Amino acid sequence: MRKDIKTFCWVCLGVSLLFLIGAFQIVPISELSATSPGGYPIFIAVICTILALVVLVQAKQENVETKPLFSPVITAFLIMLVLYVLAIIYLHYVIATLLFLFAAVMYLKRNDWRTAILVAYISTFMILLVFEYIFGVVLP
């Protein structure tokens with residue numbers, strides 16, 4: 001197995017285990033159920049941990065050379081996601097989402113800027129409508 005793939009698998013396993021530990025701190029184990037506040041995060045963290053272990057074992061058994069882990073598109077989106085999280089912190093959620101979606105559409109589709117603005121605006125509006133006004137989720 002290539003060193004970068006092995007490192008990536010171990011990082012995924014470590015992050016999954018950290019999420020699992022954090023999820024178990026949401027609610028005491030005695031109060032844990034499928035509908036308790038910690039039920040869903042624990043379920044997702046267990047799935048992530050199992051999948052990380054499966055990928056690690058499969059990659060070790062197959063010993064197959066694969067493509068590089070981070071293609072230019074993935075690298076660009078990782079950078080955009082980090083900037084998006086920072087923009088949510090320092091700007092407002094709506095502004096950060098508009099900028100992120102605009103950049104993503106421009107990068108992926110290479111459309112003109114008017115189409116990208118329209119797609120970003122409609123998408124952000126629909127996200128706000130569905131999550132904040134229909135589901136009552138408080139967005140950052």
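Here, residue 1 is the first one in the sequence, and each next residue gets the next number. Nothing here was measured: the structure is a model prediction, and the numbers come from that model.
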Can you name the nearest heavy-atom pair linking A52 to S16, along with the distance?
-> CB-OG, 4.3 Å

Interatomic distance, L129 atom CG to T124 atom OG1 [nearest 0.5 angstrom] | 12.5 Å

Flag if over 12 foreign heavy atoms under 6.0 Å of CZ, F19 | no

Quick one: closest heavy-atom pair of L20 and I42, and the distance?
-> CD1-O, 4.0 Å

For I95 and L91, the nearest pair of non-hydrogen atoms, with its separation, is CG2-CD1, 4.0 Å

If two hydrophobic side chains count as joined below 4.5 Å and joins carry through other members, does F100 share a cluster with Y121?
-> yes

Report whether L99 and V94 are members of the same hydrophobic cluster (ILVMFWY, side-chain heavy atoms less than 4.5 Å apart, transitive linking).
-> no

Steps toward side-chain contact (heavy atoms from CB on, under 4.5 Å) verdict (T115, V105) | CA-CA 9 Å; T115 304; V105 170; 5.6 Å; no

Test log, rule side-chain contact (heavy atoms from CB on, under 4.5 Å), inputs L108 and F77 | CA-CA 10 Å; L108 289 176; F77 262 88; 3.5 Å; yes

Between A120 and L101 the two heavy atoms that sit nearest each other are CB-CB, 3.8 Å

Apply side-chain contact (heavy atoms from CB on, under 4.5 Å) to L118 and W113, showing your working.
-> CA-CA 9 Å; L118 183 64; W113 61 271; over 6 Å; no

OG1 (T49) and CG (L17) are apart, to the nearest 0.5 Å, by 4.5 Å

Kindly list each side-chain donor-acceptor pair under 3.5 angstrom involving residues 78-86, sequence neighbours excluded, with atom names and distances?
residue : atom : partner : partner atom : Å
Y84     : OH   : T97     : OG1          : 2.9

Might you confirm whether atom OH of Y107 has over 12 heavy atoms from other residues, nucleotides or ligands at distances under 6.0 Å?
-> yes

